[in-house]
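From a predicted model like this one, the values you see are computed outputs, not experimental measurements.
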Amino acid sequence: MGLNSPGTSSEKKKMFEREETTMEAQDRISQLPDAILCHMLSLLPTKLAAQTGILSKRWKDVWLSIPALEFQMHLRSNYEGDMSAFDSFARPKIESFVNFLDRLFAIRDTSSIKKFRLVFDHPVDSRCLNNWLSALHNIQELDLELLVQREFPWSPLADKLLEILKLSCISLPNIPSSVFFPRLKVLHLHSATYVDDASVEKLLSSCPVLEDLQISRWEWDNVSNFVITVPSLKRLTLDFTTHETNLYDDDHYEDGVEYKLIITAPNLEYLSLIDYMSDSIQVNSMARVTESHLSVCKILECDNRTVEQTSNYESNVREIFRSIPNVKHLTIGDFTTNSLSESLDSRLPVFQNLVHLEISFQHVNGAILLPKLLKISPKLESLILPRGIISQILFSFISEENQFKPPQDVPECLLLSLKNVEIRHITGRVEEEVQLLIYLLENARVLEKITIWYEEYYVSGGPMDTTNYPTVRRMEDRLSFTDELMNCTRGSAACQLDIQMPELQL
């Protein structure tokens, strides 16, 4: 074979050099500084970040310096065998995971860890958790969703730089007086269990600069009077959707057990309150709130709720609305209007700054309530009715005195500001619905668009089917509804009427 033949060692050497040059050019990422690589890896789940260690020597230890660690272990959801054998299945996996974390904290510089998230659906020994938390010297964000054997260890969190703390499904003991969170701005407590009423107040009082608080209660948590007093708070999100069957057993209701919510947050700017649990809701002025989502109603299956209790609760609901007079964006959820039907005219404030209103009419006649709401919303620009105007349950029960009657004075928002309206679940077969729609079209002088989602429903016979609502009748009703709205006089010549019709099911 000649020296210049394709198979010579000289040509092979040149070929390998070209391949190495090409690989080096392609692997530009490995040439980036450690700080950038660590930031990139911190955007991945820690398990995937750790796997990059096998790429090359350059990558071997990079993941050990990432500032954010996240671990999730879902043993129960991934187990498909007999539950009697679950402990045998879980024990070695738990031991392996605990040993891994212990080794990880032993070999890396834990002072660089800024964020730590741990999700574990099996009890974790508080001693292990204590050791892990103690190693996180400069932690800024801590997110724990787990069951803790014995008590949650507060002490390792003392004097930390924590700014964000999220705790889920954890039984929280009394916070020691030595534990203080001078920098904590975000606190989320989901499905936690507390010692008693006072333990909640003590925890919140240890957070002097707290700005964002989220609390969800889905089961009994040992607290009957939930008191939130945080002057620095700007955002408050409460989800108290615990059903009454989880609150009362035996004779507890008859024995006078009462659940209270008390809020004092004068600097609040955002309020989301879903509460089907509290018998009493007391709020102080929150005049800085500009956005609020409210869904409050005590849904009792018990028959022994007195007239006085009902009246007091309705007064509480009105006070919530009076506490946020400067709100700009307001969402009123299911059942809330049940407690407002008699008070819209005189006992609610005029919302001078309200520009966006979304309201669900559940078990109430929206054709009666809506004009009253428009009257106290003089600057309203956008109106959304996600559940329609009249609850389908009321279709056959609208008495003559509860029928829609156009107000004598047209609300100011219809004359000057209302630009967009969206209404779902319109059947066109209830006269009050059609009358209200025509009233809006005729009187809204600057309306730009009204969108209506038509829904077929046979009023006297229940949900539509081909037996009690034949196709020909349905087509006639669609045309009649559309023609009536299209041909009515419009207060705004520029108004676009958009009727969304479902596909006709034959």
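Using modelled atom types, no side-chain atom of D197 and backbone atom of V227 make a donor-acceptor pair closer than 3.5 Å. Side chain of Y270 to backbone of H293: no donor-acceptor contact under 3.5 angstrom is found. The backbone N or O of N174 sits nowhere less than 3.5 Å from a side-chain atom of K202 that would complete a donor-acceptor pair. Judged by distance alone, the side chain of T237 and the main-chain N or O of S272 form no donor-acceptor pair under 3.5 Å. Side chain of N222 to backbone of D196: no donor-acceptor contact under 3.5 angstrom is found. R217 places a side-chain N or O within 3.5 Å of a backbone atom of V223 that can act as its donor or acceptor partner. In this structure, the side chain of N353 does not engage the main chain of K328 through any donor-acceptor pair within 3.5 Å. Judged by distance alone, with hydrogens and angles left aside, the side-chain atoms of S360 form no donor-acceptor pair with the main-chain N or O of G333 at under 3.5 Å.
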Residues 186-195 side chain polar contacts: donor-acceptor under 3.5 Å, at least two apart:
from: H188; atom 1: NE2; to: Q214; atom 2: NE2; distance (Å): 3.4
from: H190; atom 1: ND1; to: S216; atom 2: OG; distance (Å): 2.9

Could you pull out all donor-acceptor pairs under 3.5 Å where a side-chain atom in residues 128-138 meets a protein atom, sequence neighbours excluded?
from: N131; atom 1: ND2; to: R127; atom 2: O; distance (Å): 3.3
from: W132; atom 1: NE1; to: D102; atom 2: OD1; distance (Å): 2.9
from: S134; atom 1: OG; to: N130; atom 2: O; distance (Å): 2.7
from: N138; atom 1: ND2; to: S111; atom 2: O; distance (Å): 2.9

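E258 and S280 share no donor-acceptor pair across their side chains, judged by distance under 3.5 Å alone.
Contact detail for F351 and P378: the closest heavy-atom pair is O-CD, 3.6 Å. Closest approach of A367 to E432, counting heavy atoms only: CB-CB, 4.0 Å. Nearest approach of L369 to T337, heavy atoms of both residues: CD1-CB, 4.1 Å. Pairing each heavy atom of F361 with each of I389, the nearest pair is CD1-O, 3.7 Å. The two residues W154 and P173 have their closest heavy-atom pair at NE1-O, 3.0 Å.
One finds the CZ atom of R322 at 4.0 Å from the CD atom of E319 (value rounded to the nearest 0.5 Å). Distance CD1/I450 to CD1/I423: 4.5 Å, rounded to 0.5 Å. The OG atom of S292 sits 4.0 Å away from atom CG of L271, with the distance rounded to the nearest 0.5 Å. The line from CG of L184 to CG of L204 is 10.5 Å long, rounded to the nearest 0.5 Å. The line from CG of N284 to CG of L268 is 12.0 Å long, rounded to the nearest 0.5 Å. Within the model, atoms CD1 of I262 and OG1 of T229 stand 7.5 Å from one another, a figure rounded to the nearest 0.5 Å.
Summarising the local packing, CG of D498 is surrounded by more than 12 heavy atoms from other residues, nucleotides or ligands at distances under 6.0 Å. Taking a 6.0 Å sphere around NZ of K115, one finds it holds 12 or fewer heavy atoms contributed by other residues, nucleotides or ligands.
Side-chain contact check for S315 versus R318: some heavy-atom pair is nearer than 4.5 Å.
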Assess whether ring pair (Phe, Tyr, Trp, His ring centres under 6.0 Å) is satisfied between F240 and Y259, documenting all intermediate values.
CA-CA 11 Å; F240 291 6; Y259 299 90; over 10 Å; no
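No option in E455, R387, E433 other than E455 meets the side-chain hydrogen bond (donor to acceptor under 3.5 Å, both in side chains) test with H425.
In this structure W453 satisfies the ring pair (Phe, Tyr, Trp, His ring centres under 6.0 Å) test with no other residue, sequence neighbours excluded. Applying the ring pair (Phe, Tyr, Trp, His ring centres under 6.0 Å) test to F180 and every residue at least two apart in sequence or in another chain returns nothing. The salt bridge (Lys or Arg N to Asp or Glu O under 4.0 Å) search around E442 returns none, not counting sequence neighbours. Under the rule for a side chain to side chain donor-acceptor pair (under 3.5 Å), R445 has no partner lying at least two apart in sequence or in another chain.
Ring planes of Y276 and F335: perpendicular class, angle over 60° (limits at 30 and 60°).
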